[in-house]
Colleague: 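Have a look at this one.
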Amino acid sequence: MKNLKDEKIIVLDFGSQYAQLIVRRVREHGVFAQVLPCNTPFNTIKELNPIGIILSGGPANVYGNNAPACASEIFNMEIPVLGICYGTQFMCENLGGEVVSTENREYGITKILLTNNGNIFEGLDSELNVWMSHGDQINNLPKEFETLAKTDTCPYAAIKHKSKPLYGIQFHPEVHHTPAGKDIIKNFVYNICKAKGNWKMDNFIQESIAQIRKQVGNNNVVLGLSGGVDSSVVAMLLDKAIGKQLHCIFVDNGLLRQDEAINVEKTYRDNLDLNLTCVDASDSFLKLLAGVTDPEKKRKIIGHEFIEVFKNASQHIENVKFLAQGTLYPDVIESVSAHGGPTAVIKSHHNVGGLPAELGLDLVEPLRDLFKDEVRELGLELGLPHDMIWRHPFPGPGLAVRLLGEITKERLDTLRSADKIMIEELHKSGWYSKVWQALCVLLPVQSVGVMGDERTYDNPIVVRLVESVDGMTADWVRLPYEVLEKISSRIINEVKGVNRVVYDISQKPPATIEWE
Ligand code: XMP
């Protein structure tokens, strides 16, 4: 079979916060795309043999010192290039045009008027609402270019080379504030780059199975199953590829949600018939965590102990040569940009542990090319139960980062009870599936309350619900008062030791999703 990634579009990242979004938009049209730092050497780009290149936006000025740049040879490759915002300005400046700072900064939704309906604007109205975000603009076009669209203040809102497949747009087609953005990207991908569109999850499964079999041979593979969507999908895929050569290990660290260990065991062993070892290590984790209140210390202890427990469990399995992991594409891009590209790297999560190096096993990472939404699509295709696919992310250190202060079995039980009530009420009201993550936090402070005729002096529970696309930024969920009321009154009535419920209305940034 032809390799799925043979037909690809490269997104060169000039420091844009939207580079990954551009990649996702292209993939939504069934074409593989990947992001590379803008300064990737020309030879590397050429060897990858893309069918098109997109130049992202970025915060710099093309005329500034050390302005991010890409290899100018790409403009002579005869393959289509689409510049977006900074990318367009870079192309212009590079090909003899002029970019200047403008008094008429455009920011937000702006109307553009098409002066040419063909090309990337095929099939679209001649007036479009688009998202602009720029303080510089093109003052003089390079000689060989023509205008495709303008706004009241920006005469070159979209441009095109007269004879080469080079296009530039000043606005952002990748954000949802540009309703026609999807069509513009589709036009670029299919009309201009002439893509065939074979990036589909059913093709992906076939190709991955073949790759995994080739990589693994007759050896055994271990996988740390967490119950989350990523490791579940990896397990399903490996099960299809190598069946009983896959050995899953589930570690109960005592920091899980109520009934989590039982449910995971039931789902994987009974429903999916996987080779599964469940290790109840809760006592050893809790012993090590006794008296520790510092969040980073908690994380380190948990990460270290996890490795020990995992190592012990995997030693009982024969002929293990590989460790499977649910590494996703955003994790891979971060490491590329950190060394090569201008994107400021903000760590999306603080993954606990360092399994690979410690264990001396080779890695099998079948989700390395996928975004989270693609992983879910893949899970659906593989027949994973709906509930499992739409589970909220749960941090590696578990409830430890939601239990501020000292970790004891008693406090964990209090938090678990409150968390269970909240999750139940979210399922009942239909809100569970509408949010990115929902969590309860138990605070180590006491406040006065009254229950019946008694004065209480108990702890508060914080309820936090957030919307997010990737966990990097998040907004608090405007949950209806009736749902909040139900959660609050049930927690206070049913959970001993809690006399107050508060709702967290902080955005990330500056707050984080978890409290530790
Ligand atoms: P923060 O709290 O950094 O969380 O806004 C962003 C996302 O990452 C998850 N998270 C973690 N995941 N180990 C993990 O595997 C961790 O130590 C960790 N801390 C936070 C968090 O649940 C959210 O989805």
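Being a predicted model, the structure only gives us computed values, none of them experimental. These numbers come from the heavy atoms of this one structure, side chains and all, not from hydrogens, waters or symmetry mates. Each ligand, and each atom within it, is numbered from 1 in the order the structure gives.
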Colleague: Any salt bridge linking D413 with K409? Criterion: basic side-chain nitrogen under 4.0 Å from a carboxylate oxygen.
Modeller: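 So D413 pairs with K409 through a salt bridge.
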Colleague: Which option wins on minimum heavy-atom distance to atom 11 (C) of ligand 1: P395, A400, P295?
Modeller: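 When every heavy atom of P395, A400, P295 is considered, P395 comes closest to atom 11 (C) of ligand 1.
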Colleague: So, do F285 and V309 sit near enough that their side-chain heavy atoms are less than 4.5 Å apart?
Modeller: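 The answer is yes; the side chains approach within 4.5 Å.
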Colleague: Consider every N or O of E516 and every N or O of ligand 1, then say whether any pair is closer than 3.5 Å.
Modeller: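 No; the residue has no nitrogen or oxygen that sits under 3.5 Å from a nitrogen or oxygen of the ligand.
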Colleague: Can you tell which of R402, K508, E296, K298 gets a heavy atom nearest to atom 1 (P) of ligand 1?
Modeller: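 Looking at heavy atoms only, K508 sits closest to atom 1 (P) of ligand 1.
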Colleague: Is any side-chain heavy atom of L255 closer than 4.5 Å to a side-chain heavy atom of P397?
Modeller: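 A side-chain contact is absent here, since even the closest heavy-atom pair is not under 4.5 Å.
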Colleague: For ligand 1, which is the ligand I care about here, please tell me if G396 has any N or O atom under 3.5 Å from one of the ligand's N or O atoms.
Modeller: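 Yes.
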Colleague: Would you mind listing which atoms of ligand 1 come within a distance below 4.0 Å of any non-hydrogen atom of Q437?
Modeller: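 Numbered from 1, ligand 1 contributes 21 (C), 22 (O), 23 (C), 24 (O).
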Colleague: For F250, is the NZ or CZ atom of R269 found under 6.0 angstrom from the centre of its six-membered ring and inside 45 degrees of the ring axis?
Modeller: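 Not flagged: R269 not positioned over aromatic ring of F250.
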Colleague: With a cut-off of 4.0 Å, which atoms of ligand 1 are near a heavy atom of P397?
Modeller: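 Every atom of ligand 1 under 4.0 Å from some heavy atom of P397: 13 (N), 16 (C), 17 (O).
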Colleague: Are the side chains of T277 and V279 in touch, meaning some heavy atoms are under 4.5 Å apart?
Modeller: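 Side-chain contact under 4.5 Å: yes.
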Colleague: Look only at interatomic distance and state if I513 has a nitrogen or oxygen under 3.5 Å from any nitrogen or oxygen of ligand 1.
Modeller: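 I513 vs ligand 1: N/O contact under 3.5 Å present.
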Colleague: Which atoms of ligand 1 are found less than 4.0 Å from any heavy atom of G471?
Modeller: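 Checking each atom against G471, I get 6 (C).
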Colleague: Does E424 come within less than 4.0 Å of R490, counting only side-chain N to carboxylate O?
Modeller: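 So E424 pairs with R490 through a salt bridge.
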